[in-house]
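Reading through the structure tokens given below for one structure.
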Amino acid sequence: MENRLARVGWRLLPWLLPVTVLVLWEYGGRTSDSIYLPPLSDVLVALREDWVWEGAQDDLLPSLQRFALGYVLGAVLGIAFGLAIGSSRRVAEYTTPTMEFLRALPAVAVLPIAVLLFGLGNGMRISIIAFGVLFPVLVNTIAGARSVRQERVDVARMYGLSRLQVIRRVVLPSAIPMISAGLRVGLPIALIMMVVSELVGGQNGIGFYLTQAQSMFDIAGMFTALLILGILGNVINAAYSWVENRRLHWASHL
Amino acid sequence: MSTTTPVREAPATDREPAAPPASPRRRRSFRPQLRGLVFAVGLLLLLELLTATVITSLYVPRPSEVAAALGQELRAGDMLSGVGTTMGAYAQGLGIAIVAGVLSGAVLGASRTAWQLFRVVIEFLRPLPSVALIPFSILLLGVGSTTTVAMIVYASLWPILFNTYYGVRGVNEVSIDAARTFGLKRWQIFLRIQLPAAATSIATGIRVSSAIALILVITVEILTRSGGLGYYIVRMQVAIRTEDMYAGIVVVGVLGYAIAVLMSWLERRVVFWNADHRTDGSR
Amino acid sequence: MRSISTQHRVGALVAVASLALLTGCGGGDGSAAADVTENADGTTSITIATVGSDSGSQAFYAEQKGFFEEQGLDVTVDIVANVPELAAAVESGDAQFALTSPTSIASANAAGIGFQIVAGGAVYTPDNPGVWVMVPEGSDIESVEDLAGTSIAVNALNTMPHLSTLATLDDAGVDVDDVDFVTLDFTQVGQAFESGQVDAATVTAPFNAQIESAGLGTVLASPYDAVNDQEEFYNTIWFGQGDLAEAQPELVEKFAAALAATNEWANDPANRDERAGILQEYTSLTDESLANLQLLQFGDELSDDMVQPVIDVMSRFDVLPRPVEVGDIIA
């Protein structure tokens, strides 16, 4: 009996702190007269008013679309370049310094170039997200491709596989765990880039909503944007784990 | 919600491939640099050609113009003082993140109760984009270096925290048991075995964070105009001095490159020292 | 050259880092009066926040020409990005006074934040409006009526450039719901014109001059004309926390007096060159941009008539969640 109680307690322990924080938030918001700490209940009301469901359609959906497209684009480019660089020492030697240089550029600084190349619409925002995702995926793919045992490549070569075939059949499968890790690192970065690209000019999106709320001193609104982003980050993370377990596990046995 | 995995970014990007050719050492270390230079210069020439012929926008200066602007700005000193401010905030933010990340990661890794207690909150906070926190940080900490540093800490904390956590967790059970039989106390095991064994993983986390921190410091400076190289870039953009703006951006890239080189060198040292502590070959 | 308040609140930082912030999320209750320092020599130390452009340049002239010192004020001038940051600087007590648009003071009051206007800033006059609606070179838009159904770039929604453009369109009988407003930083308008991405844009100085001299666009209209029937109103103002204005009226008086002296100096055409020189120091504008720049005029009289038009245009387009009385927002 006591053992079971302890087990239940252990299960509930992770929720102790969040619940405490939420209760303190509500209490603090009610007692403090600071306009900058609206009670949780006010934020939840704002959440219902602003995000269910018109707001979700107007701001959340466009954000998610850009996120998905930018992420996939960045990931695909990262894996492709990564395999090329990782499986050829020469390509690596040529490109590494340039890559490290580009990698350090913050998206906000790349923005003018993106506007020039892709205009003001979604293309620019998607390219900014892709730019952010590209590098972690690229770096990890390179490392993954290099971790292939040389013997396996040599054997494949002996069997007459072309360079491209070697990459597809030998290098890619063994690089998958590292690529997968890179794809995961890219997730929160894509989320950051999504917000950044919407902060600087735009017509919709969570970042745009945040700046609007900020300029109207709608503090509860600002908190709802944070809540949405936090939930979104966790959902995306969980979704990725799910995909990783099914798909990539299978893929690594290719 | 047990979806966390460590940040497993590749070690040094210029790591040797599996079977390095047996060539004289001096040539081997020189050739990659030359090739990297050739590629970069070739790319610049291509850009110069394109901007001189096809892309004739007022807002895209030619690389040669940017280079001239860079030379002039470096001599003028205005930009360099911006770099100083930026790197000051960078070092402060990354330093605090390292201390806080290693400490909290180690505690969470060593105590299952602590992990169980903080898990949900950490999982919620971790994917929260730091740029979205800027407005709150400004309200709480004001405009200026404090907010910049706080944002750097927030963003660069997670890779360090999680890599420390997994590093401490991943220590070979056998060595812990062995230590226990030798009569070491729990905190002794933690200090003497778990923490040193996690060094490699921690080093990777720090390297990942060192890149994130630079991006963050520039982004926050650009968004809040709170001094430093980021403010220099915006000021030039607002003053419609496009060449000078790109010169600033080039400096950001160079800083990033320098930090990457330095960090992978440091990491290799740590990996070298700790080779015998590692529990598996993957990290 | 510019100073940043370098209070290293290490304690606060560690709090952020160690997540303790979450559990004790109390902050943000800064009191502005606390950071006003009365010095031994009888001077008062304060911090003010402004933007690095001509519209925020009063502080620079006052700092360099000693108008603050004349009033016994030891002033630190911070340059801050935008309206939200300026408001936050004042709210958090980092700055006692800051420059902003009257629209944001009205918004703040509608949201229950007691900011009050303490001194005047840049004034709109018909021959020096400071804001223009521009169209790309070669555009077939020739009048405001032609803007129906187009996309227009503004720097932010519900600010004066946006609202005044709405008023201009509305006055011309254009259906405003039919116009697509795109938010775009002023710095990117020229680029958007160059590549034909927007049909029109509302821009401020010095971007209008730069766009014109580069042959990228031409001026179509002066949107601020529609705000107050071509009569003067405040484009920017100085504000502080209402509590501070109430508690230390003499400080507000000194500050306003220093700015009045500044305005007299800055508005005098004889000082144009010196003024441009100081402006250049803070903004890094090129000589060419400065030569083309029509410097703004500043006002010091704080009357309801100079602010009411702004509130009216906000009400006209339903920006304010609840009505705001002009008397409540002027100290």
Side-chain angles (χ1 to χ4, degrees), chain A residues 10 13-18 21 36 89-90 93-109 112-113 116 136 139-140 142-144 146-150 178 181-182 184-185 187-188 191-192 194-196 199 207 210 214 222 225-226 229-230 232-234 236-238 241, chain B residues 1 3 5 7-11 13-15 17-19 31-33 35-40 43 57 59-60 113 116-121 123-133 135-136 139 208 211 214-215 218-219 222-223 233 237 245 249 252-257 259-261 282:
Chain A
W10 182 254
L13 191 59
W15 299 99
L16 178 69
L17 195 60
V21 170
Y36 292 100
R89 188 187 156 89
R90 191 176 302 172
E93 284 174 0
Y94 279 119
T95 51
T96 300
T98 308
M99 202 187 73
E100 288 291 345
F101 173 84
L102 289 176
R103 190 184 172 195
L105 296 183
V108 192
I113 309 170
L116 182 88
V139 170
N140 272 40
I142 294 173
R146 281 183 184 165
S147 68
V148 179
R149 289 224 209 95
Q150 192 64 35
M178 279 308 281
R184 181 183 284 279
V185 175
L187 281 175
L191 207 59
I192 294 179
M194 181 188 89
V195 177
V196 169
L199 286 180
L210 186 68
Q214 197 186 2
M222 288 163 68
L226 272 197
L229 282 171
L232 196 61
N234 279 287
I236 289 172
N237 214 14
S241 296
Chain B
M1 241 198 241
T3 55
T5 50
V7 179
R8 215 170 39 162
E9 215 189 45
T13 43
D14 50 349
R15 200 174 61 165
R31 198 180 60 187
Q33 284 168 16
R35 286 189 161 164
L37 197 69
V38 165
F39 184 81
L43 208 62
S57 164
Y59 297 90
V60 184
T113 317
Q116 192 76 348
L117 186 61
F118 284 101
R119 205 180 74 189
V120 174
V121 174
E123 290 284 1
F124 182 82
L125 284 181
R126 183 196 188 189
L128 218 54
S130 39
V131 279
L133 293 173
F136 294 93
L139 283 176
V208 172
L214 182 70
I215 292 183
I218 301 289
T219 304
I222 285 179
L223 291 178
I233 292 172
Q237 191 184 19
M245 180 187 90
I249 293 175
V252 177
V254 171
L255 285 177
Y257 183 63
I259 288 169
V261 169
S282 69

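Residue numbers begin at 1 in each chain, while the letters A, B, ... track the order of the sequences.
With values rounded to the nearest 0.5 angstrom, B:Leu43 atom CG is found 14.0 Å from A:Tyr94 atom OH. Interatomic distance, B:Ile259 CD1 to A:Arg103 CZ, rounded to the nearest 0.5 Å: 11.0 Å. Between atom CD of residue B:Gln116 and atom CG of residue A:Leu16 there is a gap of 11.0 Å, rounded to the nearest 0.5 Å.
The two atoms that bring A:Phe101 and B:Tyr257 nearest to each other are N-CD1, 4.4 Å, heavy atoms only. Considering every non-hydrogen atom in both A:Thr98 and B:Gly36, the closest pair reads OG1-O, 4.4 Å.
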- [ ] Apply side-chain contact (heavy atoms from CB on, under 4.5 Å) to the pair B:Phe39 and A:Thr96, showing each step before the final yes or no.
- [x] CA-CA 9 Å; B:Phe39 184 81; A:Thr96 300; over 6 Å; no
TODO: Check the pair A:Leu17, B:Val120 against side-chain contact (heavy atoms from CB on, under 4.5 Å), reporting the backbone distance first and the verdict last.
DONE: CA-CA 8 Å; A:Leu17 195 60; B:Val120 174; over 6 Å; no
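Contact count versus chain B (heavy atoms, under 4.5 Å) is highest, among A:Leu226, A:Leu210, A:Leu102, for A:Leu226. Taking B:Gly256, B:Ala260, B:Ala132 one by one and counting their heavy-atom pairs under 4.5 Å with chain A, the maximum is reached by B:Ala132. Between chain B and the options A:Pro18, A:Gly207, A:Pro14, the largest number of non-hydrogen pairs under 4.5 Å is found for A:Pro14. The candidate from B:Leu133, B:Val254, B:Leu117, B:Leu255 with the greatest count of non-hydrogen atom pairs under 4.5 Å with chain A is B:Leu117.
Considering only heavy atoms from C-beta on, B:Glu123 comes within 4.5 Å of A:Asn234 through its side chain. With a 4.5 Å cut-off on side-chain heavy atoms, A:Leu13 and B:Thr113 count as touching. Between A:Pro97 and B:Leu37 there is no side-chain heavy-atom pair separated by less than 4.5 Å.
Looking at B:Leu128, only its side chain comes within 4.5 Å of chain A, counting heavy atoms on both sides. Within the 4.5 angstrom heavy-atom criterion, only side-chain atoms of B:Leu214, from C-beta onward, approach chain A. The part of B:Val60 that comes within reach of chain A is its side chain, from C-beta onward, which places non-hydrogen atoms under 4.5 angstrom from that chain.
Looking only at distances, no side-chain donor or acceptor of A:Glu100 sits under 3.5 Å from a matching main-chain atom of B:Val261.
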